[in-house]
There are 2 protein chains.
Amino acid sequence: MSQQQAINRRIVLGARPQGVPTPLDFRLEETQVPAPGEGQVLLRTLYLSLDPYMRGRMSEAPSYAPPLELDEVMVGGTVGRVVASRNSNFHEGDLVLGNSGWQDYTLSDGRDLTPLGEMARPSYALSVLGMPGFTAWHGLLKIGEPKPGETVVVAAASGAVGAVVGQIAKLKGARVVGIAGGRTKCRYVSEELGFDACIDRRDPQFAVKLTAACPDGIDVYFENVGGEVLDAVLPLLNVGARMPICGFIAHYNERELSPGPNRMPSLLSALLSKRVRAQGFIIHDHYADEFAAFSRDMGGWVTEGKVKLREDIVDGLDKAPDAFIGLLKGENFGKVVVRVAE
Amino acid sequence: MSQQQAINRRIVLGARPQGVPTPLDFRLEETQVPAPGEGQVLLRTLYLSLDPYMRGRMSEAPSYAPPLELDEVMVGGTVGRVVASRNSNFHEGDLVLGNSGWQDYTLSDGRDLTPLGEMARPSYALSVLGMPGFTAWHGLLKIGEPKPGETVVVAAASGAVGAVVGQIAKLKGARVVGIAGGRTKCRYVSEELGFDACIDRRDPQFAVKLTAACPDGIDVYFENVGGEVLDAVLPLLNVGARMPICGFIAHYNERELSPGPNRMPSLLSALLSKRVRAQGFIIHDHYADEFAAFSRDMGGWVTEGKVKLREDIVDGLDKAPDAFIGLLKGENFGKVVVRVAE
């Protein structure tokens, strides 16, 4: 490392967001690059994944993971390069998947690192071949359980999870209807990803068009947005439908209880009258048991060109806050990855 | 039959209720008692079961069963006596479980009848040993799956379903907390049914007391009421909790969308962060596969005195509308059964 590179830039939680985060909720700091101790490696972050779950970690409210403390470095999955090693399992130059968060350099004892070998597209380890892809695979196949000929509806269909859900569902013989924000994204979903249809959730006729696109009702609804999309889906659910729940981005920025009307009775009513199984899941629970099987499946599909994903690459760590705010507003187009270094 | 008995009184849907039904939504009619054709039996209704699901059938909105037409006889499970038979499978005097609805006499071709033999307490065929008991058994054991030492919470705990859910859960080694309306019902639930605790949902400190009664959180919530009870339960759910959903009486009388705040995001958030499995079910789906197993289990428990149920017996068919309205308001104390004839 040259003298100039020996600065570690990091982005910390500056303030807890009230509603939608603003750039002022983040703070860019510069510190010394640390030196690895015995058994440690020093990692240079190459790619940082930005994902909706990070919004939850910025709040004080307890969730499935403890909240970030103020002044703590923002968390995030990363692809990094080993630049110095005092750990016999890793060598300078190794490419690894880790959790360095929003910063240039980190130390690790290696226990949270996964060697990636040489990859044609290392950033895919943060999307199709990583957490979002695994979320799609587990939620769809282990909870949704689509059968050939059934109708699967996926919201946020151009996003990292939704795009993969739909492509797997197609591989399993289902009819797949995506929902995305705007005509450009919808065209991408139906033309490039091969969904049977994609409905623009901003269309004033959204609910009518979704109904028309699902003439046989909905057997699996992969829930990752909530809000008005869910309202439109509920009346279309078939008896015995399954609803894996992995998030609901429409509500992440709400400070208190949402305004009325109260739609909880509608949800309960749909679950009851259609005998729906709704199941929340947190993908971190399933790495030990299922990640290997996922990697085999998905590695094969990616190599064969059966599953692909558009990436929305943002250049520079300092752009991460704006890119993350845009992600929460649906302004991204594809999986958001920050290229921190080459 | 004497001349005087040859009148069939029946109660029909006179008008669709707006909100809580009123006596004016029902109409008592008198018709001739029909004569059985070849293959038919004539049944005298002895006991009529009143159950919350009937409210749904009075509305025009589509649900899991088609709505009643105006002027149609109110539906309902019944215990009847065969008073004339032209069907070789049934004999005068036989006691049968059927679906005569809110009336004195009906014809049947026998296909919807279950012979009851001689029973010490025929009305139990409408509660513990019938549909409500089966609802409790299936929902708790097939969806709730309580393990010894887990905490099971049951709302409407003095009602036909809730009382049985709690007693089965105790037999399976769970800690059981009931919720009921009023101190009298709560005392019955904890002292006579043997629940570990019972919280009065009308208590201003309801949520605080429920929390105190569930020091290890909630593993199974048997959902049959909705409303504020569910709001208090959600924060207490443990990771991996199960929520069988068989109804939500708090919302049956709502005409349109409930007033805010919108609690759907809270429900989704709880399902996600606690990885909850919520599953609606309609007990009619399960008779063919599971009723025999239920009958064996429950018949044994009732005979051994391990499961019991207080009945709220109402004398006279003409009292059915008021009793049903009272049931929807929670004014009953135990399973509501109308004694139509001796």
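Computation of the quantities below employed the complete heavy-atom set of this structure, encompassing side-chain atoms and omitting hydrogens, waters and symmetry-equivalent molecules. Everything numeric here is computed off the predicted structure, so don't read it as measured data.
Between the CD atom of Gln279(A) and the CZ atom of Arg275(B) there is a distance of 11.0 Å, given to the nearest 0.5 Å. Rounded to the nearest 0.5 angstrom, Ile245(A) CD1 and Leu268(B) CG are separated by 5.5 Å.
Using a 4.5 Å cut-off between heavy atoms, Leu230(A) touches chain B through its side chain atoms alone.
Screening residues 204-221 of chain B for salt bridge (Lys or Arg N to Asp or Glu O under 4.0 Å), with sequence neighbours left out, gives Asp203(B)-Lys209(B).
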Acceptor/donor pairs from residues 288-295 of chain B side chains to any protein atom, 3.5 angstrom cut, sequence neighbours excluded:
residue	atom	partner	partner atom	Å
Glu290(B)	OE1	His138(B)	ND1	2.5
Ser295(B)	OG	Phe291(B)	O	3.1

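Across all non-hydrogen atoms, the minimal contact from Leu271(B) to Ala278(A) is CD1-CB, 4.4 Å.
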